[in-house]
Every structure is written in C-alpha cells, then in structure tokens.
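The structure's right below; bear with me while I get my questions together.
We name chains A, B, ... by the order of the sequence lines, and we start the count at 1 in each one. Basis for what follows: all heavy atoms, side chains included, without hydrogens, waters or symmetry-related copies.
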Amino acid sequence: MKPISLALLTAGFMLANTNALAQQAATDKKPEMAPTVDRAKILVAPGVFGNFSTYKIRPDYYKISNAERKGAAAEVLAVVEKHKDKVIVDAYLTRGFEAQSDFFLRVHSYDMAATQAFLVDFRATRFGMYSDVTEQLVGMTKALNYITKDKSPDLNAGLTSATYQGDAPRYAFMIPVKKNAEWWNLTDAQRLKEIETHTLPTLGNLVNVKRKLYHSTGLDDTDFITYFETADLAAFNSLMLALAKVPENKYHVRWGSPTVMGTIQTFENVVRILSISN
Amino acid sequence: MKPISLALLTAGFMLANTNALAQQAATDKKPEMAPTVDRAKILVAPGVFGNFSTYKIRPDYYKISNAERKGAAAEVLAVVEKHKDKVIVDAYLTRGFEAQSDFFLRVHSYDMAATQAFLVDFRATRFGMYSDVTEQLVGMTKALNYITKDKSPDLNAGLTSATYQGDAPRYAFMIPVKKNAEWWNLTDAQRLKEIETHTLPTLGNLVNVKRKLYHSTGLDDTDFITYFETADLAAFNSLMLALAKVPENKYHVRWGSPTVMGTIQTFENVVRILSISN
Amino acid sequence: MKPISLALLTAGFMLANTNALAQQAATDKKPEMAPTVDRAKILVAPGVFGNFSTYKIRPDYYKISNAERKGAAAEVLAVVEKHKDKVIVDAYLTRGFEAQSDFFLRVHSYDMAATQAFLVDFRATRFGMYSDVTEQLVGMTKALNYITKDKSPDLNAGLTSATYQGDAPRYAFMIPVKKNAEWWNLTDAQRLKEIETHTLPTLGNLVNVKRKLYHSTGLDDTDFITYFETADLAAFNSLMLALAKVPENKYHVRWGSPTVMGTIQTFENVVRILSISN
Amino acid sequence: MKPISLALLTAGFMLANTNALAQQAATDKKPEMAPTVDRAKILVAPGVFGNFSTYKIRPDYYKISNAERKGAAAEVLAVVEKHKDKVIVDAYLTRGFEAQSDFFLRVHSYDMAATQAFLVDFRATRFGMYSDVTEQLVGMTKALNYITKDKSPDLNAGLTSATYQGDAPRYAFMIPVKKNAEWWNLTDAQRLKEIETHTLPTLGNLVNVKRKLYHSTGLDDTDFITYFETADLAAFNSLMLALAKVPENKYHVRWGSPTVMGTIQTFENVVRILSISN
Amino acid sequence: MKPISLALLTAGFMLANTNALAQQAATDKKPEMAPTVDRAKILVAPGVFGNFSTYKIRPDYYKISNAERKGAAAEVLAVVEKHKDKVIVDAYLTRGFEAQSDFFLRVHSYDMAATQAFLVDFRATRFGMYSDVTEQLVGMTKALNYITKDKSPDLNAGLTSATYQGDAPRYAFMIPVKKNAEWWNLTDAQRLKEIETHTLPTLGNLVNVKRKLYHSTGLDDTDFITYFETADLAAFNSLMLALAKVPENKYHVRWGSPTVMGTIQTFENVVRILSISN
C-alpha cells in the first residue's frame, strides 16, 4: 500500500516541465494553526469543517476474491490511523435504508484540505476504489446565530440546560436544508422571530434526539447540513413534524433530497459488513 | 453461504486497531422489547416499521449459469427463514409495469435495525447481489390521527365497519405522499376538516381496495407511504380519482414519483420468474 | 427456449420451504371472464388495459454473433404467438426520433396480469434481454366521460360522425397527460365546459389523425395516456397547437415528458432492423 | 458492411409467421412527392423536417484497434452517400463545449421516415454503434407566422433585406424553446405584438448571426428548435441578451436545456477527430 | 503519442469522397488577431473565453498498470505545452468535495476553437480517456457593465482600490448563476440599482476573496459563471451570505447546481494524485 502523502496533495511543487503552467496559486503553505484533533473538543467547537459523503459499492467488488475483501477493513483503518492527527471519521451503514448509498462518512477537521487528503487516501484503498461517491456535502460549524444569551435568553436557557437522556443512539440522519431568497431578505429580527418559533416546540425532544448544525452557504448547494442521532425513531419523527408545522418551513426550497439515514457503526464494521458475500 | 450475523451488524465491537476511532455511539444494545413477529398482529399494530424497496435485476445476472440461477430462490428463502423471528417480508413482481424495477419488497419489523440486518443478508445472496436497489422508503405505523372515535365519530364508524369483500387481491400499489408547508401550518382543526372531506368519498371503496398507511416525515423524503391491494384495477382508479377531487390534493407536492405497481407473489415465485432466461 | 409459463407467473404455488412466508395474498385465481382477444373488438372496448413500454438496445447486443441476432425475430414472434389469446401487441420503431429508446410496444388485454406474463416472457428472449426498459406506463380504456350524447349532443355527433380519411398512418405518438389539483377540484360542469372548448377546434383533425385515450390516475404517475396515429405530421402538429391554445392547457402539469414518436412497424420488422450491424 | 435497406425499414412486409400480428397499420407506401434533395432549396423551404441528435462516444471505442477506427470515417461517408437523394446531413463537433455530447447532427428531409432510415443506417456503422444518443429533437419548417408582409410590413422588410455579412460561421448553436399555456392562450394579435417586440432589437444582429426556426409542438417535448450559426460569439451573446430582455421571455418554460454549441465541421472531420487516441 | 493537430481540428479540408456533403460552412479561416497568450494579460482582459469542465475518473483507470498511470502526467503536460501559445490551463482537485467530479479545469483563450483543440487533445491522452466529463460551461469576459466610473463612481472606486491581502488562495469555487425573465425585463437603471445594492456589502470581502466573472447568456444554459479563490473558507461563506441577503437573489433561477469546490493545484499534481492506487 502506497498512500498519497499529504505533502504531495497540499504542496504545489513544480517539476521542470510544468514551469510553463505559470500556476496562479501557491499551495505550499500548510495552515500553522491546525491543532491535533481532539474528538471531545472538535465536536463542539465553532470553525470546524464537516464533510459528509455517501457511497455505493459497485457490484464488481463482489467479484474480487474473498481474501482480498477480507483485507479491506485493515487497509481502511490504516488510512484512518495515518490521518488521525488531522481528521475525525464517523461511519454509518445505510444499506437497507437508502437506494443511493450503502454507507456514509462524516469527517471533521480544522482544515478542509486535510479532510480532502484523508478522503483521497481512502478512495485509493481497495474498498474506496470500489465505492462510488453518490453525494458529497461540505459545511462548517459556527457559534449560535440566533438563540443566544443576549438575543433570546429564555430559549437559550432551554437549549443549554436540556441534555440527551435516551439510550445510546443507534441511528443517524443527515438532512440538507436550503432556504429561499425571501428568507435571506428578511431582517435579522424577523429571522430571529422565526427561529424562536421553530425552537420552542422542539425543546422537548432534546432529551431523545441529538442535533448538530453545519453552515454551507456558498460552500455547497445547500445552506445548512443538519445532523441527528437518536435511539428513538418515533421521537425523531415527532421532532421533524414539529419543525414542519412552523412558518419557517414555508421558506424551505430544500429539506432533505436526500434524507440520509444510517445505523451508527464503527468504520471497521461498515467495511466488514459490506465486504461479505456468498 | 455465510450470511452476516445480526450480532456483527448491530453490535459495535471494537478490535484493537479500531480504538483510535473513539466511536461516538455505542450500538451494542439490542432493544429488549422486540417481540417475535406475528404476521396477523404486526400488520395492524401501531409503532411498526415498514420498509419498501424496489429492485432491478442487472443484465449480467442472465450470463451466469442456469444452474446458479436455479439455486437462487432457495438461497433467498433461507435468508427469510433465518430472520423470520424479526421481520415479515412481502414480495411483488413489477416487471412489465415499471421501468425502474423488476420487483419490490415490503418488510415489517418492530426494530428498524432488524430490517436492515435482513436486507443486508438478502443483498449478500446471489440474487440480491445482481439486484440494484432503485428506490427505498422507510416509515412507521401509528394510531389514527384524525378520523378517531372522538374527533370524527361518524366517519370513524364508516371506516371501521366496512370490510374488504372483493376477490383475493392480485395487485399492490406503493405510492409516496408529501405535503407542502401550507398543509403542515394549518391548525389541527383545519387538517381534520380536510381529512374528513377526503375520507367521505372513499368509504365506498373499502369493499374493493385494501389500504395501509405509513408515516415518514423526517425518516425519508416523503411524509407518507400509502399502500394498496386490490383485485379490481378499475375500482382502484376510481378511488384515486376521488382522492384527486378533494381540496387536500392542492397541498400535495409529491403523490407518486414513483407509483409502484406489482402483482402480489410469493418471494420464491418472484425469484424464480426473474431467474428464467433462454 | 423455455418461456415462463403463465401458470408459474400468476399462480402462487407454495413449496414446503416457503410456508414460513405466510403469504398474504392468494394469486391462484385466473379471472374467468377474460375472453380470447379479438383485435377489432379490443381496440374499441372500454375496460381494456393498455400498457406502453419503451426500450433501448444495450450496445453489447451487437457483440453477440450475427447468427444469434438473426434468430431474434423468430424467438420474439413465438412469444407473441404463445400469448395471442390474451394480448394484442403493436410495435413501433423510435430509433432516430428518440434519445431514450429504440422501439416501443403497446399491449392490450382484458387482464393486466396477462400483459405482465407476456412482457416477462418477452424480456426472457434474447432480444428482450438486451433491451433496457426506459419508460413504462399503464392505463385503461373507459366509456366517454364528457362528450356524451346526453351531456354534449352536438360535439358528440361531430366526434362520432367524422372518420379518418388519410393515407394509412405511418407514425404513432404516445403522450402522457397529467392535470393539477385545480383541474380535479373543478365541478363536473366546469370540466365538461373545458373539454367542450378543447374538443371543438380539434374536430377538423379527425380526418387526418387517429386518437385513443387511456386513463391512468393512481395506476401510474400520469392521469392519461394519449395515443395518436397519422400519415401527416403537419396535421398532427396543427392538432397539438389547437390543444395548446385552449384554457385546459393551463391545468397541465405534464404533457409529454416523454413525447414518444415512432414509425408503425410489424414487431418482426422492429426486431430485424434493430438486429443489423456491420 | 450490410446497411439496412430503406425498403426493409419503411415497408411492412409480412412473413408467414407474422400474420398472427394482425398489424394495424400498413406502412408499405412510400410518399410519392418526396423530391431529390437539393441543399440550396431544402434549407429555405417550408414543410421540411429537421432532426437534431447529439451523441457521446462510449469509452470502449478507444479500445478497438486504431486500424478499425481509421476506417470509421469512410464507412460513415458511405452511408451519407447512400442516402444523399433523401437527406442532407450537417455535423458539428461539441467535445470541449458540452458535457453530454461529443458531436451533433442536423438532418433535413422531406420525409421523416427517410431521416429515420438514414439514422438507423448511421447507427449500424462502427462509429455509430459506439455513439450513445444523448438528445434527439424533431421539428419542421413553416412559412413565417407573424412577421409577414401583411401583418407586420416594416419588420418584414427589415428581416428580408438584411443579409449575413460576417466571416464564414465557425460555430453553431441548437437551442430548444418551449412556451407556457399562457402564451398559447393569448390571442393571435397579442402574440404578434410580442413577436414584433422580440424582432425589433434583433434586426441588427442579422448581419453577424444566421438563424433558422423549426416547429415542434406535439412532435417533441419542445415548441421550437432554434438554430444559429456565427463567427462572432460576442455578437451571438448580445443577440441572446436582447431576446432575454423582451416580455416574451416571461412565457418561456424551456429555453435551452440543452443549449448545444459546436464547431461547424465536415462529417468526415468529426469522425476522424473523435477516432484518434494515443 | 499522436495528438490531433490543430490544423485538422479547425480546418475543414475536403477529401474527394466528402464533396457530396456540400458542407455549409467554411471553417478554414483561423482568426488572425489571436495573440500568443500572456497569463498576466489574459486574466484581466475583456473578450476572453473561459471554459470550465469537471471530470470524474472512471474506475477502470485503476485497472491499468501502475506504469501506465505513472506516465499519465507527462503525457498531459506535453499537451499543455503544445497548446501553450493559445490557451492557459488551470487545474483543481475536487475529489473529497464533490460527488460528480474528481477534478476540474479552467481554460482561457482568445479563440474558443483553440480551447476546443486543447480539450480534444487532452481527452485523447490516457488520463483524459479515462475521465468522464460531468459538467461543461463556457463564457466570456467583458468590461464592467454596471459599476463603472460613470454610472457608479463611489462603488467603482471601492472595487478598484481594494486588493486581495490574504494568504495565497488554496481553494477555488465555480458557481453558475442564471436570472429569470423578470430580471432581464427590468430597465438598465433598475438593474444598476440592484447591482449597487449587491456590491456594497461585498466590498469588505475583496481583501480575502478573489472574484472573476464570465458572461454566458446564449452560449450555455447559464447567464454567468462566477469564479472565486480564497484561503479563508469562513470569509467566503460570509461573502455568499451577504449576496443571499440582497433583493437581487430573488431573481435567481440558478445559483450553483453545481457549486464546484476544489483545491488549487498544478495540473501535474492533479494527474499524479488521481493516478495513485494500491
């Protein structure tokens, strides 16, 4: 196995015969502030890049030998290990829930190029080579915009005091959200009011559904990527119905499409399960 | 044949070299309340998960030997047998009716992960490996929302007193329904009124069309999955026209797309019919 | 050649190891009223099922030997012969007119399961196996709804008195039509008025364009399948422009998509033409 | 090379074993009025059929031997030669401009079945067999509808007096146009006024952009196919901006999708250029 | 390696057996004004053609030998070298950010046919042959339309005085924009006002996001191609949010679809990175 070095990926070294390219951009600087990744911190920090990708195994994967497929998980884990200082990877099994994918990945980093380096390496593994990417969304985390201590103290207290009390989540959902021009042309005060109306009926579900928000305007063809984890699908359905019943829903031009549902798994398990055939 | 064990699928066991993953979710709990499946009960209970998937056979299936294809049905039935305590499977032949599929499956369970475990095993069979999933929708059953004894006693009586009197159904339809933000922003009373208007003209078809409703908001890119069985296609067409002619129809953003029509078959028959070639 | 027997297709015989399936629907009844098909009668009768499918030949068809392709037409005709008591088949060559297909089939029967049995057998022939289904629409014929002797006597007289006087039609068109919720929420009287307005300017084209209507609401993702035959493409274009210029057009959410145009051919000719290569 | 004979394609000869088909339509008449094609005349006559098709070469074309690919152009030209009494063919190279195609063809004839016969023969050549059709639109030419000497004398004079004065055109564009029901429900006088408003600002571009219009309502999923040739892309962009800025634009439901741009080439050159690989 | 000569591509030489084609357009003139390309000048000049194309590597690329893939970069660079007098090429790595592509190219020239010649040659390389084009957009640069010294002096001063002060950009975005008929039917003064409103809140991001605009009306199914470079993804997100919050956004019918994000790389690096596998 010869994984691509991060240096090759992010550095634009010029060989003699490429001088003619007069390359416009220098890419040889690695951002110096990128800290080693700490899972507990990166999952709550603002300014973190989130990258969601869904994959479908090509049928010819099952035509290579069982032996080769048995080695697939170890090869993937080695790539995860190699990049562990830069990226955090979560894996989910979607086969049986989604037509467009068999699994999906969520990758966090402080540097989007580091995420790319990991994903390029992953795609160069045997398992990655037999996986077609079917959806790819990027976003970043930010501090709360609307329901802050200053702007909306009561709701902020509600949001911050409630904690998840359910069983360990077994299911995750990734749902993109895009809003129309009317939404973005509202005043800040008007949007705050809509978000307050949206937040109130969902406080009750903080105990049984975990949520995380990524901002994507301009970075991708969506404004937000919403991510959920739960052990209770009925509670999740109730939460989503509550969100459908507020006026903010009228500003949605995309809510889902796709809605991606998976079971939360180790990456190793995802690879092993999808590598088995008769 | 080495089917994937349910344990491997639902348990997130960590091998030494995966510790680095710092897996966020523990998935090692099997829900303890999941009862053994009783077909008569599960088809009428609330809180049941319904999973609909359509499949198209890849052309290269017909290039493997006749002998291999002859064994396909037995292999599939063994997977059904293995999971029979957890899931109920219905199969339908769509070839000749649909461009996007050759057959579809309806799977019921009390635990969506058990449904996934079955479908992953099915896809690992020879027949499943040569089948591309072309649509996949998930939902769950609930108690009646609107036409209850309390809220709408007359219509409730009409709904509950009528029973199917036609010949054994030969055809099934799976039709997703999604409603717009205006619908969900109506008051409960307004929605009840629309559903009453929708229910009245359809009571007459209870004798010749069976119906079943699944709720999907947030679980998938649809709000409902409607399922029908009939022996009388003209009666079914009349029922659907009656539903088109009520104001509720104005709130639909998806009604079909796809409409999936199949003949009701044993799973074995579906596999056998689709495994024959010259 | 071992075509699939109709018995296997429509009968749900249970083998020992499938008892566990607890199959919900009995499919072992063949409808007893299905008469032997008489082309002259079935093309004018109400209650007849129409099935339209378009096909694209896969490129690898032309990699099998010329000898094998030469036998393709006879094999297809044998399937037509086998089912001739149940179904009537018309074939059209679309190559050169359509990007999504090379040919299309129109199948009529009194029993949709018989149509399925034929199409399943067709797909099991060499030619059928190398044909990808790219569109599939089902509908049924009904007695006139609006322009009846009672409701609209003058237009009814116009419709029934005019007969096609052109050359033998060389071209056929299949055009799906779907109407919006506003249309279906009009009163019967309002819809009658719109249909009268629609009918009047088209009476003149009865002499040079043949038409046939199939109803599909609920059976498929369209409300109607309209079918035309003509020898005069300019006359057909004029007819369609007349239909575009009436208010009814404002209620269309689908009119075409696809519009399928083909030359009217024998099925044998379609197979032979598409089986030739250098 | 055994090209399909026109007789086989357009004549519905019945072999013994096809009598059972009871073919509805006789197709054995060749229209008697079809004249031999004269390029100068057919490009300005009304009642001419225009057929536009775009093609993408499949990657496996480049896996056959260079020798085979070298013979491709001659084989294609032989088919053109064979049909030269019936059809006129223009070819355009789109690779580098379009994602969906590598080349496109424009075929003119007085008989659409003759166009089909040519295209079927073309698809049976080596080059045609490795080309996937990705778009196909049909239409016909008509005499001017609106800007006639009678209805709009000044604009008609402007249209007919201006002539193309630019360099020999190097680029061609094919752009479909579809109008909504509101447009078609305008009165003739209203549509005339809109077309006058549309024509005036475009007179100035008659000197640097050639235009040709095909009518397609009912024949295909578009109302018009607009075709342009120019040596001056900036002038063409200006012309299209002028057309965007008139009220008629508000009635468009399709304008492009696709916009197909190609360089004007000999058919031989198109085949030769696309047949080269390392 | 036998690259296609520019002469063959742009010159329409007629061989004996193609005289029958009566080719309508002479293509044998090379525009005489095309200067040798100077990167510094072409990136700021009006009247320059910009061509954006995205590519996805086909999986079988990784089945050819490592040795063959190792030579891919040199072969591509030779093509760049051959065309360096006519075109400037920029390359970007999108794998890990986009589902529909692995890399994208931006090509500038003074003659669109020269761009085509380069891209045809590129597609004939080993790497190009294994790359499927998934998106292709063409446009051209123009002098400022609205925020000129005359029409909007203050904003013009703001635009021209600010310069990029960030780190060397590491990321590029290509985002198509299409406006509706209402936009194009505004008066020039109304559009100027909207563009002024759009420009003001974005001046602040001139220091951390580079921008470039291409006009495409009629040349492609978009009105504009907007191109950005940045080292600061959060700043880019802020810029795009500012653009979402102005009334001009209400006139968008396309903004993205796709949004293409890549890291800025040398072309050699792109080829090398995508040529590695285990």
Side-chain angles (χ1 to χ4, degrees), chain C residues 39 43 59 62 73-74 77-78 80-81 84 88-91 93 95-100 167-173 175 228-229 231 233-234 236-241 243-252 255-259 261 263-269 272-274 276-278, chain D residues 1-4 8-15 17-18 20-29 31 47 49 51 53-54 58 60 75 112-113 115-120 122-126 129-130 132-136 138 140 142 179-182 184-185 215-221 223:
Chain C
R39 183 176 186 86
L43 284 178
Y62 303 102
L77 294 178
V80 173
E81 176 73 15
K84 71 178 178 185
I88 293 282
V89 186
D90 293 297
L93 185 69
R95 182 173 284 188
F97 298 154
E98 303 299 328
Q100 299 305 318
D167 291 335
R170 301 165 71 214
Y171 303 99
F173 291 84
I175 303 178
F228 305 89
E229 293 183 356
L233 294 176
F236 178 66
N237 170 251
S238 295
L239 168 61
M240 297 304 278
L241 276 171
L243 290 172
K245 290 177 178 176
V246 295
E248 181 203 21
N249 187 16
K250 298 180 186 178
Y251 297 98
H252 287 154
W255 193 15
S257 303
T259 292
M261 174 185 179
T263 47
I264 300 168
Q265 305 275 349
T266 62
F267 205 164
E268 180 177 15
N269 241 13
R272 288 166 57 104
I273 290 168
L274 294 173
I276 294 175
S277 78
N278 293 319
Chain D
M1 179 179 146
K2 291 172 304 182
I4 300 156
L8 172 58
L9 187 68
T10 60
F13 61 85
M14 306 277 185
L15 297 192
N17 60 348
T18 67
L21 282 173
Q23 196 65 18
Q24 188 174 4
T27 57
D28 50 358
K29 280 196 188 176
F49 296 104
N51 184 303
S53 46
T54 68
R58 277 198 308 285
D60 54 353
E75 193 189 1
M112 192 62 104
T115 296
Q116 185 178 52
F118 164 72
L119 288 169
V120 165
F122 166 62
R123 296 288 301 287
T125 66
R126 186 63 45 102
M129 268 194 287
Y130 280 96
D132 284 331
V133 190
T134 54
E135 184 69 68
Q136 175 90 52
V138 302
M140 61 186 302
K142 292 185 181 180
K179 284 172 168 163
N180 64 15
E182 279 65 37
W184 292 115
N185 275 270
H215 298 254
S216 298
T217 305
L219 301 176
D220 221 323
D221 282 323
D223 287 318

Point-to-point distance, once rounded to the nearest 0.5 Å, from CG of D/L219 to CD1 of C/I175: 8.5 Å
Identify the heavy atoms of C/W255 and D/D221 that sit nearest to each other, and give their distance. O-OD1, 3.9 Å
At a 4.5 Å cut-off on heavy atoms, which part of D/D223 comes close to chain C: side chain, backbone, both, or neither? neither
Strictly distance-based, threshold 3.5 Å: is any side-chain N or O of C/E98 a donor or acceptor partner for the main-chain N or O of D/Q136? no
Take atom CD in C/Q100; do more than 12 heavy atoms of anything else shown fall under 6.0 Å from it? no
Heavy-atom contact with chain C under 4.5 Å, split by part of D/S216: backbone
Listed by chain and number, what are the side chain to side chain donor-acceptor pair (under 3.5 Å) partners of C/R95, not counting sequence neighbours? C/Y62, C/D102
For C/L93 and D/V120, run side chain to side chain contact (heavy atoms under 4.5 Å, CB included): C-alpha distance rounded to whole Å, both residues' side-chain angles, the deciding distance at 0.1 Å, then the answer. CA-CA 10 Å; C/L93 185 69; D/V120 165; 4.3 Å; yes
Against chain C, work out which of D/E135, D/R58, D/M140, D/M112 has the most heavy-atom pairs shorter than 4.5 Å and name it. D/M112
Main chain of D/N185, side chain of C/N249: is a donor-acceptor contact present, judged purely on distance under 3.5 Å? no
Value for CZ (D/R123) from CD1 (C/I276), rounded to nearest 0.5 Å, stands at 14.0 Å
First locate atom NZ of D/K142, then atom CG of C/N237, and finally report the distance between them rounded to the nearest 0.5 Å. 4.0 Å
Nearest 0.5 Å, what's the CD-OG1 distance between D/Q116 and C/T263? 3.5 Å
Residue part contacting chain C, namely of D/T217, when any heavy atom lies under 4.5 Å: both
Applying side-chain contact (heavy atoms from CB on, under 4.5 Å), can you list everything that pairs with C/S238, at least two apart in sequence or on another chain? none
Side chain to side chain contact (heavy atoms under 4.5 Å, CB included) between D/D220 and C/F97, intermediate numbers included: CA-CA 9 Å; D/D220 221 323; C/F97 298 154; over 6 Å; no
With only heavy atoms counted, which part of D/F49 is less than 4.5 Å from chain C, the side chain, the backbone, both or neither? side chain
Give the member of C/M240, C/K245, C/H252 that has the highest number of heavy-atom pairs under 4.5 Å with chain D. C/K245
What part of C/Y171 lies closer than 4.5 angstrom to a heavy atom of chain D: side chain, backbone, both or neither? side chain
